[in-house]
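Because only heavy atoms are used, hydrogens play no part in the values below, and waters and symmetry mates are left out as well, while side chains stay in.
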Amino acid sequence: MRVGAIDVSTITEAGLADRMAAGWRTGRGGWIVTANVDIVRAASRDPELAALVAKAEVVVADGMPVVWAGRLAGGAIGERVTGASLVFTLSARAAAEDRSVYLLGGDEGVPEAAGRVLVERYEGLRVAGAYSPPYGFDTDPGQVRDVVERVVDARPDLVLVGLGFPKQERVIVELRPHLPQAWYLGCGAGIPMAAGQFSRAPALLQRSGGEWLHRLALEPRRLARRYLLHDAPYALRLLAQALRIRLQER
């Protein structure tokens, strides 16, 4: 389903976990992009970022405006699939399949804390490693190589990459040729959320599309400009565009 400049899958969260497990059994890895409004906006403004997202096997709607836009345009997007939720859902499936996970991203100590939470919750889950890269590592080819080598040496089956878009996606592109049988999830703030550093919004606020208000209240200095000046106006334009597409097809 086309939303803005990207194609969004209609797969459910449970279906995505099934697809990952089936891939492991046949030796096929994959890459999951969780597309919120900010990612759709960035991809719509920059063809290079749109091409980056298009390299992933699965792009899911992480954001109710993305879900609504898909539905308005006539698509069959059934549910929102968030990176924060997939951290748990995919880790649960990894535990059930006797697979390992690597957590990459977050402040110092946070990926390790998230790993402990996941191991306590899902019996049998193996944490292959956890690492918090230094700020600005992505501008230094030597530090990027160090990050890649750390993950590759750990040989995980699932790599949770919480570095923010598009940094996390670019790191995944570097990793995939070395670990083609692994699955990769760009999960944004999913790692600190799993560690308990940030809380998720109440379920009703999530379903109604208001989770961004909860995040804004938690991190106003970092998110106010992005949410209020960029994402909210773009979300309205995205919905209006989807409605025009739907009306033109009638």
Side-chain angles (χ1 to χ4, degrees), residues 11-25 29-34 36 58 60 62 79-135 147-165 167-168 171-172 175 179 181-207 211 214-215 217-219:
I11 195 169
T12 64
E13 189 164 329
L16 186 51
D18 289 341
R19 179 170 173 176
M20 179 182 70
W24 280 332
R25 293 172 196 140
W31 169 16
I32 304 160
V33 170
T34 54
N36 56 21
V58 186
V60 293
D62 181 349
E79 65 182 40
R80 179 187 180 204
V81 182
T82 71
S85 180
L86 283 172
V87 165
F88 291 96
T89 301
L90 300 187
S91 294
R93 182 55 64 91
E97 299 285 332
D98 191 28
R99 300 285 177 167
S100 64
V101 61
Y102 194 106
L103 297 96
L104 179 65
D107 295 334
E108 186 174 355
V110 169
E112 291 85 355
R116 289 192 293 271
V117 169
L118 295 173
V119 166
E120 290 172 4
R121 181 173 295 195
Y122 304 117
E123 183 179 356
L125 180 66
R126 292 179 286 118
V127 174
Y131 183 56
S132 174
Y135 180 78
V147 169
V148 170
E149 289 171 2
R150 285 173 182 266
V151 179
V152 172
D153 288 346
R155 310 297 298 177
D157 300 297
L158 170 63
V159 186
L160 306 176
V161 189
L163 299 169
F165 180 85
K167 188 185 302 184
Q168 62 195 19
V171 169
I172 289 170
L175 284 167
L179 291 173
Q181 296 179 331
W183 277 79
Y184 301 86
L185 171 68
C187 59
I191 291 175
M193 285 184 177
Q197 185 178 19
F198 300 116
S199 64
R200 289 203 67 184
L204 180 60
L205 203 59
Q206 293 180 38
R207 291 193 298 270
E211 188 164 17
H214 179 77
R215 290 291 312 282
L218 291 175
E219 299 182 89

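To the nearest 0.5 Å, the span separating CD on Glu97 from CG on Leu90 amounts to 11.5 Å. Going from atom CD1 of Ile11 over to atom CD of Glu79 covers 9.5 Å, rounded to the nearest 0.5 Å. Here Leu179 contributes atom CG and Asp153 contributes atom CG; the two are 9.5 Å apart, rounded to the nearest 0.5 Å. Going from atom CG of Leu104 over to atom CD1 of Ile191 covers 6.5 Å, rounded to the nearest 0.5 Å. The distance from the CG atom of Leu185 to the CD1 atom of Ile32 is 5.5 Å, given to the nearest 0.5 Å.
Side-chain contact between Thr34 and Cys187 is absent, with no heavy atoms from C-beta onward closer than 4.5 Å. Taking the side chain as every heavy atom from C-beta outward, Val87 and Met193 never approach each other to under 4.5 Å. The side-chain heavy atoms of Tyr184 and Leu175, taken from C-beta on, include a pair separated by under 4.5 Å.
Applying the side chain to side chain donor-acceptor pair (under 3.5 Å) test to residues at least two apart or on different chains, the pairs with a partner in residues 86-95 are Glu13-Thr89, Asp18-Arg93.
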Output side-chain donor-acceptor pairs under 3.5 Å for residues 106-128, partner residues at least two apart or in another chain, one line each.
residue : atom : partner : partner atom : Å
Asp107  : OD2  : Gln197  : NE2          : 3.0
Tyr122  : OH   : Phe88   : O            : 3.4
Arg126  : NH2  : Asp98   : O            : 2.8

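Residues passing the salt bridge (charged side-chain N to carboxylate O under 4.0 Å, His left out) test with Arg155: none are found, sequence neighbours excluded. Checked against salt bridge (charged side-chain N to carboxylate O under 4.0 Å, His left out), Arg19 has no partners two or more places apart in sequence or in another chain. Contacts of Asn36 classified as side-chain hydrogen bond (donor to acceptor under 3.5 Å, both in side chains), with partners at least two apart in sequence or in another chain: none.
Side-chain N or O atoms of Trp24 include one that pairs as donor or acceptor with a backbone N or O of Asp157 at under 3.5 Å.
In plain terms, the two heavy atoms of Pro192 and Gly188 that are nearest each other are CD-O, 4.5 Å.
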